[in-house]
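Some notes on the structure that comes next.
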Amino acid sequence: MPDLGIEVLFAGRNMARMLGGLWVALRISLVSAALGIPSGILLGVVMRMKNPVTKILTRLYLEVVRILPQLVLLFLVFFGTTRMFGWNLEAETAAIIVFTFWGTAEMGDLVRGALAGIPAHQYESGAALGLTMPQIYRFIVIPQTLRRLIPLSINLVTRMIKTTSLVMMIGVVEVLKVTQQIIEANRVAHPQAAFGLYGAVFVFYFLACWPISLLAGYLEKKWS
Amino acid sequence: MDWEVIVQYLPLYGEAAKLTLCIGWMGILFAVGIGLLCAVITHYRIPLLWQLVRLYVELFRNTPLLVQLFFLYFGLPKAGIPMTAETCGTLGLALLGGSYMAEAFRSSLCAVPVMQTESARSLGMTRTQAFVYVVLPQAVSVGVPAFTANVIFLLKETSVFSAVSLMDLMFTAKDLIGLYYKTAESLALLVAFYLMILLPVSVLGSLAERRMRYAGSGD
């Protein structure tokens, strides 16, 4: 029975290298989430303003970022800026810029939705009880919004982790690229290794995202 | 911007868009089928099958399409299951989409209150009648936003097909940039073609959402 990749996976430092590659992708998504979530909250609040100019501008930004595939955005920033402005961005920097922009848009829409979901009578009841505006936000609106928002933003993080696998296509050496290198290096001795190694990448991504999804699902059920 | 170049590139992008659309819609069609089947299985908790479906849905919802495609296209042939790039793209999209659609359909079936089934039954409808005439129309109405969001998501996901050497829009753009260095023109066409594919779907989706908003029972 030929080796389907299990032997190669555990040989030498192969597994450690693959996990290192996974960390490169995870790092990009975590940095983008750390930047994108706070700015998304800000965007969501701005989107709730009644000013027509901010309304149109934020809407436009949201639609443009969300309608294009993330890979197209990556290409635009990575290849486009070099050509148009002469910037020589590192692939990883380009990826962080794109995912932050995208994450901000997605988070902004979640925040807008969560704020819009608080019925007007909540504000009015608070005012009728004699609460001031800051008190209404502090004790009534923000706690309810957070309960809706936290599971959704945790889900956004898993979506970011899944989307960062695209950075391989602009040349970041992450888990898929490392795996390709390992397969190439073992081409002669273990020609069938691709099955097990790509299977392992599949499992790695699943193990990275699944617990986070479970947490989001648990919180959603608990707070709804 | 060099317009001559753009005119020259147009047919190449047209071909690529055709491929993207072909595989995209085929994959989505299969995804809807898989999703419906899985949703019914989980909704009625058919023993054994139900657990398998949960496993499948969790596996494919928590991994990126790119990794799935790599496994299907480069991994499976080593275990004796070869496939062409087209089959691989369609299958990958169908499996990914199936798991998302299953989740969307299941939650819209769950969103119809049990009271609706009970009321229909007490009016003398059979189980099937209650499902077809009362539950299903409301579930469809509730499910439209999630469904259109999934369709747009899946069409966007087709952009990774170039990784398994399918000559789609991304592949064409990258190829042309590498060959002739007409970066601005290639990227502009890329964006234009994706907008041409995705904007109509997005607009139709919001129209359908507005038309189908009739289920407001029970509140």
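To find a chain, count down the sequence lines: A is the first, B the second, and so on, and within it residues start at 1.
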Checklist entry - Could you walk me through whether A:F206 and B:E58 pass the side-chain contact (heavy atoms from CB on, under 4.5 Å) check? => result CA-CA 9 Å; A:F206 177 70; B:E58 291 297 327; 4.3 Å; yes
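Taking a 6.0 Å sphere around CD of A:E90, one finds it holds 12 or fewer heavy atoms contributed by other residues, nucleotides or ligands. Atom CZ of B:F153 is surrounded by more than 12 heavy atoms from other residues, nucleotides or ligands within 6.0 Å. The number of heavy atoms from other shown groups lying within 6.0 Å of CZ (A:F204) is above 12. The number of heavy-atom neighbours closer than 6.0 Å to CG of B:L48, taken from other residues, nucleotides and ligands shown, is 12 or below.
Proximity to chain A among residues 156-176 of chain B is limited to B:K156, B:S159, B:V160, B:S162, B:A163, B:M170, B:K174, judged by heavy-atom separations below 4.5 angstrom. Taking non-hydrogen atoms and a 4.5 Å limit, the residue list of residues 187-195 of chain B in contact with chain A, ordered by number, reads B:L187, B:L190, B:V191, B:Y194, B:L195. Against chain A, the residues from residues 77-98 of chain B that qualify, each with a non-hydrogen atom under 4.5 angstrom away, are B:K78, B:A79 in number order.
Taking the six-membered ring for Trp and thresholds of 30 and 60 degrees, B:F70 and A:Y198 have ring planes more than 60 degrees apart, a perpendicular arrangement. Using a 30° and 60° split on the angle between ring planes, B:F60 and A:F202 fall in the perpendicular class, above 60°.
Options A:K162, A:R66, A:M169 differ in how many heavy-atom pairs under 4.5 Å they form with chain B, and the most are formed by A:K162. Between chain B and the options A:I212, A:T158, A:L76, the largest number of non-hydrogen pairs under 4.5 Å is found for A:L76.
Heavy-atom distances place the side chain of A:L176, and not its backbone, under 4.5 Å from chain B. Within the 4.5 angstrom heavy-atom criterion, atoms from both the backbone and the side chain of B:L199 approach chain A.
Contact check for A:F195 versus B:L76: side-chain heavy atoms found under the 4.5 Å cut-off. Within the 4.5 Å cutoff, the side chain of B:L65 has no heavy atoms near those of the A:S165 side chain. By the 4.5 Å heavy-atom criterion applied to side chains, B:T63 and A:C209 are not counted as neighbours.
Of all non-hydrogen atoms in B:F71 and A:G199, the two that sit nearest each other are CD1-N, 3.4 Å. Closest of all the heavy-atom pairs between B:T183 and A:F79 is CG2-O, 3.7 Å.
For the atom pair CD1 of A:I161 and CG of B:N62, the computed distance is 9.5 Å after rounding to the nearest 0.5 Å.
The salt bridge (charged side-chain N to carboxylate O under 4.0 Å, His left out) test applied to A:R17 returns no partner, not counting sequence neighbours.
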